[in-house]
Protein chains: 2
Amino acid sequence: MRKKLRDNSNETATMRLRQAGLRPTRQRNELAKLLFRDGHRHLTAEMLHAEAVAEGVKVSLATVYNTLHQFTQAGLLLQVVVDPTRSYFDTNTADHQHFYCEDENLLTDIPGPEIAVAGLPTPPPGTVIKRVDVVVHVRRS
Amino acid sequence: MRKKLRDNSNETATMRLRQAGLRPTRQRNELAKLLFRDGHRHLTAEMLHAEAVAEGVKVSLATVYNTLHQFTQAGLLLQVVVDPTRSYFDTNTADHQHFYCEDENLLTDIPGPEIAVAGLPTPPPGTVIKRVDVVVHVRRS
DNA sequence: TCAATAGTTTAGAATTATTCTAAAGAGACT
DNA sequence: AGTCTCTTTAGAATAATTCTAAACTATTGA
Ligand SMILES: [Mn+2]
Ligand SMILES: [Mn+2]
Ligand SMILES: [Zn+2]
Ligand SMILES: [Zn+2]
């Protein structure tokens, strides 16, 4: 009882899933709890699966992939493309930009006021702008 | 003889390779000619290989991959990451930015004055900025 | 309470892009 | 030409991701 009163992460996760129109299954709940427990995170499917396994959550890699894509479609995550060999998922769905360090495969948010993209260019005929991605590649020095 | 005087693409390609410190082999020459014959291009390895085959150039896909990476290391190409499933190589090695249309897998340069990235952010401790990538994702409208 | 239904999970196979291996081929230099 | 080194290539291997189809489970409404 004590525990229940202090830890509302289950209800929070369930609510988040219902609002997103996703059936709150055990696996989705557990993954949502891992994803959204602390500040913003930038994870690959493999990373999240390893974390789940390490914490004793029984879920398959296929389900992690499914879930990450469903969460992305539902607007709970953003997929970020920075590395040609892996896909990152970002729990920060606000409009923001990234540092990417290839040396350590580390993706982080650019803090504070974002880089001002001065004056969007006219998109090619027959298209409209969907999103502007800014990635600042850094190197260990 | 007439032909030789008008078409210096072979010599141009050879020179480009020598300057890059790459032995001018038949395959590298042919690929260089395809890559740099008209304006700037944005190609995947598969695309370049298909083009080579279509034009009767005998070269394996492995060599196309090798060559694209060697050209990139030599500074003749830029590798651009926009799509989690494929790698693009860009013959425009100037500092510039891209439109990417996922609907048609089309990567193009943003023409004219580039988007001004106002005030670079301070990189994470222990790192220095290597490059700033700006990709404007567009959708067919 | 409990089927019936529809949505979900999963193991394992399949797919796709890319890289590796190691043997044969070709450019460079004498 | 002969030697050396670098390059090409077929085919195998790898890695990330997706697919398949059968077993499972949340939801709903009697
Ligand atoms: Mn890839
Ligand atoms: Mn990939
Ligand atoms: Zn982020
Ligand atoms: Zn370009």
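Chain letters run A, B, ... following the sequence lines, proteins first and then strands; every chain starts at 1.
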Under the 3.5 angstrom rule, does the side chain of Thr91(A) hit a backbone N or O of Arg41(A) as a donor-acceptor pair?
yes

Quick one: hydrophobic cluster around Val81(A), which other residues, with the 4.5 Å side-chain cut-off, linked directly or via members?
Val81(B)

Tell me, which of residues 42-60 of chain A have any heavy atom that sits under 4.0 Å from an atom in DNA chain C?
Lys58(A), Val59(A), Ser60(A)

Rounded to whole angstrom units, what separation is found between the CD atom of Glu30(B) and the C1' atom of dT8(D)?
14 Å

Between Gln19(B) and Arg16(B), does the side chain to side chain contact (heavy atoms under 4.5 Å, CB included) criterion hold? Intermediate values first, please.
CA-CA 5 Å; Gln19(B) 280 175 355; Arg16(B) 202 194 296 268; 5.6 Å; no

Which ring pair (Phe, Tyr, Trp, His ring centres under 6.0 Å) pairs, counting each pair once, include a residue from residues 24-63 of chain B, with sequence neighbours left out?
His42(B)-His98(B)

Rounded to the nearest 0.5 Å, how far does OG1 of Thr25(B) lie from CG of Leu31(B)?
8.0 Å

Quick one: is dT8(C) close enough that its OP1 or OP2 comes under 4.0 Å of any side-chain N or O from Arg28(A)?
yes

dist Leu68(A):CG -> Phe89(A):CZ (nearest 0.5 Å) comes out at 5.0 Å

Starting at atom CG of Leu22(B), determine the distance to atom C1' of dT7(D), rounded to an integer number of angstrom.
11 Å

Does the side chain of Ser87(B) get closer than 4.0 angstrom to OP1 or OP2 of dA17(C) through an N or O atom?
no

To the nearest angstrom, how far is Arg86(A) atom CZ from dT18(C) atom P?
15 Å

To the nearest 0.5 Å, what is the distance between CG (Asp83(A)) and CD (Glu102(A))?
6.5 Å

Quick tally for nucleotides 19-30 of chain D: nucleotides whose base has a protein heavy atom under 4.0 Å get B, sugar-phosphate-only ones S, the rest -, giving B------BS---

Spacing of Gln27(A) atom CD relative to dT8(C) atom P, expressed in whole Å:
11 Å

To the nearest Å, give me how far apart CZ (Phe71(B)) and C1' (dT7(D)) are.
13 Å

Using side-chain contact (heavy atoms from CB on, under 4.5 Å) as the criterion, list what pairs up with Pro111(A), not counting sequence neighbours.
Phe99(A)

Rounded to the nearest 0.5 Å, how far does CG of Leu106(A) lie from OH of Tyr88(A)?
7.0 Å

Between the two ends of the helix from dT1(C)-dA30(D) to dT30(C)-dA1(D), what is the bend in degrees, rounded to 10 degrees, where each end axis spans five pairs?
30°

N or O in side chain of His69(B) less than 4.0 angstrom from dT19(C) OP1/OP2
yes

What is the distance, rounded to the nearest whole Å, between atom CG of Asn29(B) and atom C1' of dT8(D)?
15 Å

Could you tell me whether the side chain of Thr127(B) and the main chain of Arg139(A) form a donor-acceptor pair under 3.5 Å?
no

Can you tell me how far apart CG (Leu78(A)) and OG1 (Thr93(A)) are? Round to the nearest 0.5 Å.
6.5 Å

Which whole-number value in Å describes the distance from Asn105(B) CG to dA17(C) P?
10 Å

Quick test of your reading of the model: are Arg37(A) and Glu51(A) salt-bridged, counting only N-O distances below 4.0 Å?
yes

Counting only side-chain nitrogens and oxygens, does Tyr65(A) get under 4.0 Å of the OP1 or OP2 atom of dT18(D)?
no

How close or far is atom P of dA15(D) from atom CG of Asp83(A), stated in whole angstroms?
14 Å

